[in-house]
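Everything below concerns the one structure shown next.
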Amino acid sequence: MGRTIFLTPDIITFLEGEGNYTFIYTNAGKRYLVSKTLKSLAELLANNFIRVHKSYLVNSDYVVERMEDDRMLKMACGKEVIVSRRKIKEITGILDHTNRRISA
């Protein structure tokens with residue numbers, strides 16, 4: 001739309017890739033479209049961003065719930081993100097060690 005908005009990584013909840021474009025979702029519930037691949041953006045972000053699926057990169061700080069036998073992640077913004085079957089064990093291990101929250 002002819003404008004540039006700068007986002008800091010700490011407000012990004014997750015990113016959704018669609019071909020050469022990526023949607024960036026923020027903790028304020030906003031969604032931005034950028035003309036960069038998910039892979040190129042993943043290289044710019046810190047370790048708390050985890051590739052959980054070929055189309056999703058999540059900020060582990062915003063994961064509030066693991067559902068459906070860890071196949072789905074609920075984000076703080078209310079959106080749900082799918083975890084690929086191949087990555088369930090890896091993602092579960094990462095989240096168990098990085099989230100310092102009490103689980104119920």
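Positions are given from 1 along the sequence. Computed from a predicted structure; not experimentally measured.
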Approximate separation, where rounding is to 0.5 Å, of [X] [atom1] and [Y] [atom2]:
X   : Y   : atom1 : atom2 : answer
E80 : F14 : CD    : CZ    : 10.0 Å
Y62 : K79 : OH    : NZ    : 16.0 Å
D61 : I11 : CG    : CD1   : 13.5 Å
L41 : E43 : CG    : CD    : 9.0 Å
C77 : N27 : SG    : CG    : 8.5 Å
I24 : R31 : CD1   : CZ    : 11.5 Å

| task | Begin from the C-alpha positions of L95 and I50 and carry the test side-chain contact (heavy atoms from CB on, under 4.5 Å) through to its verdict. | result | CA-CA 9 Å; L95 291 176; I50 308 165; 4.1 Å; yes
| Which pairs pass side chain to side chain donor-acceptor pair (under 3.5 Å) with one or both residues in residues 17-26, sequence neighbours excluded? | E16-Y25
Which donor-acceptor pairs under 3.5 Å do side chains of residues 81-93 form with protein atoms, sequence neighbours excluded?
unit_1 : atom_1 : unit_2 : atom_2 : d
K87    : NZ     : R51    : O      : 3.3
T92    : OG1    : D70    : OD2    : 3.2
T92    : OG1    : I88    : O      : 2.8

| field | Any donor-acceptor pair under 3.5 Å from N59 side chain to I12 backbone | value |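 Side chain of N59 to backbone of I12, a donor-acceptor pair under 3.5 Å: yes, one is there.
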| request: State which residues pass ring pair (Phe, Tyr, Trp, His ring centres under 6.0 Å) with F49; sequence neighbours excluded, sorted by chain then number. | output: none
| query | Excluding sequence neighbours, so at least two apart, what forms side chain to side chain contact (heavy atoms under 4.5 Å, CB included) with E68? | reply | R71, M72
| query | Taking only residues at least two apart or on different chains, which pairs with a member in residues 65-96 satisfy ring-ring contact (aromatic ring centres under 6.0 Å, His included)? | reply | none
| query | Just wondering, do L15 and L45 contact through their side chains at under 4.5 Å, heavy atoms? | reply | yes
| request: Could you give me the CA-CA distance, side-chain angles and deciding distance for M75 and V63, then say whether side-chain contact (heavy atoms from CB on, under 4.5 Å) is met? | output: CA-CA 5 Å; M75 306 305 294; V63 175; 4.0 Å; yes
| request: Group every Ile, Leu, Val, Met, Phe, Trp and Tyr by side-chain heavy-atom contacts under 4.5 Å, then state whether I94 and Y56 land in the same group. | output: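 Yes; tracing contacts between hydrophobic side chains, which count when under 4.5 Å, links both residues.
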| T8: side chain to side chain donor-acceptor pair (under 3.5 Å) partners, not counting sequence neighbours | D10
| request: Apply the test side-chain contact (heavy atoms from CB on, under 4.5 Å) to residues I5 and Y32: give CA-CA distance (whole Å), side-chain angles for both, the deciding distance (0.1 Å), then the verdict. | output: CA-CA 9 Å; I5 297 172; Y32 300 95; 3.6 Å; yes
